[in-house]
Amino acid sequence: MREMQSISNIFAVWDDNEDMSIWPEDFSKNTLDEIVCLQAENIASSKFVRLRAKANVKSRLAGQISREEYAIGRKATVEDSAECKRRRTILIAELTGRGYQC
């Protein structure tokens with residue numbers, strides 16, 4: 001139960017401070033260091049999305065949330081996961097275009 005409370009607190013912070021806004025598709029003017037930082041940020045975001053999905057399932061199985069709440073969380077997870085994948089594709093394309101192997 002303590003784990004769920006701490007996860008809930010993380011989600012509250014995420015919801016208040018982080019949005020999965022759409023990134024631009026052109027990073028040609030960014031430095032390599034900036035792209036690497038963006039890639040690290042995206043990896044962290046993707047891991048958090050997976051953690052949030054896992055907590056959503058656990059909460060539903062434990063009867064802590066309704067089907068509707070689960071569906072809302074699931075929809076957000078699917079959207080955020082798709083955005084993380086899109087970001088990864090863009091960043092890899094940019095790095096590959098600069099001659100780096102990913």
Side-chain angles (χ1 to χ4, degrees):
M1 184 61 124
R2 185 177 207 146
E3 177 185 337
M4 289 303 292
Q5 289 174 341
S6 64
I7 290 173
S8 295
N9 291 341
I10 291 170
F11 293 149
V13 170
W14 175 271
D15 291 340
D16 290 342
N17 296 327
E18 181 70 32
D19 64 351
M20 291 294 293
S21 59
I22 305 295
W23 281 7
E25 299 214 10
D26 182 16
F27 289 99
S28 61
K29 295 181 181 175
N30 292 74
T31 66
L32 178 61
D33 287 342
E34 290 170 334
I35 292 173
V36 169
C37 286
L38 288 169
Q39 194 171 30
E41 179 184 325
N42 192 52
I43 290 168
S45 295
S46 182
K47 286 181 181 181
F48 185 81
V49 168
R50 290 191 306 272
L51 176 63
R52 189 175 61 188
K54 183 178 176 181
N56 193 40
V57 170
K58 283 185 176 184
S59 294
R60 179 64 191 132
L61 291 174
Q64 297 171 336
I65 60 173
S66 69
R67 288 181 186 168
E68 293 79 18
E69 290 170 312
Y70 172 78
I72 290 167
R74 180 71 183 134
K75 181 180 180 210
T77 296
V78 168
E79 291 170 355
D80 290 348
S81 180
E83 177 58 16
C84 285
K85 287 178 184 178
R86 188 186 79 81
R87 290 176 179 185
R88 181 178 183 270
T89 301
I90 293 167
L91 293 170
I92 287 174
E94 181 62 35
L95 289 169
T96 303
R98 293 183 185 197
Y100 295 97
Q101 291 184 351
C102 299

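Owing to the predicted nature of the structure, the values given are computational and were not obtained by experimental measurement.
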For the pair Glu69 and Arg60, find out whether any cationic side-chain nitrogen is under 4.0 Å from an anionic carboxylate oxygen.
-> no
Write down the atom of Asn30, the atom of Asp26, and the distance for their closest heavy-atom approach.
-> OD1-O, 4.5 Å
Apply side-chain contact (heavy atoms from CB on, under 4.5 Å) to the pair Arg86 and Glu25, showing each step before the final yes or no.
-> CA-CA 9 Å; Arg86 188 186 79 81; Glu25 299 214 10; 3.4 Å; yes
Among the clusters formed by ILVMFWY side chains lying less than 4.5 Å apart, do Ile43 and Val36 turn up in the same one?
-> no
Measure the CG-CZ distance between Asn42 and Arg87 for me, rounded to the nearest 0.5 Å.
-> 5.5 Å
Which of Thr96, Leu95, Ile90, Thr89 passes side-chain contact (heavy atoms from CB on, under 4.5 Å) with Ile92? It is Thr96
Is there a donor-acceptor pair closer than 3.5 Å between any side-chain N or O of Ser45 and the backbone N or O of Glu41?
-> yes
Taking every heavy atom of Leu91 against every heavy atom of Trp23, the minimum-distance pair comes out as CD1-CZ3, 3.7 Å
Smallest separation among heavy atoms of Arg52 and Ala76, with atom names = NH2-O, 3.8 Å
Rounded distance [0.5 Å steps], CG in Asn56 versus NZ in Lys75 = 14.0 Å
Val78 and Val49: same hydrophobic cluster, using ILVMFWY side-chain contacts below 4.5 Å?
-> no
Check the side chains of Thr31 and Asp33 for a donor-acceptor pair under 3.5 angstrom, ignoring hydrogens and angles.
-> no
Flag if over 12 foreign heavy atoms under 6.0 Å of CZ, Arg74 | no
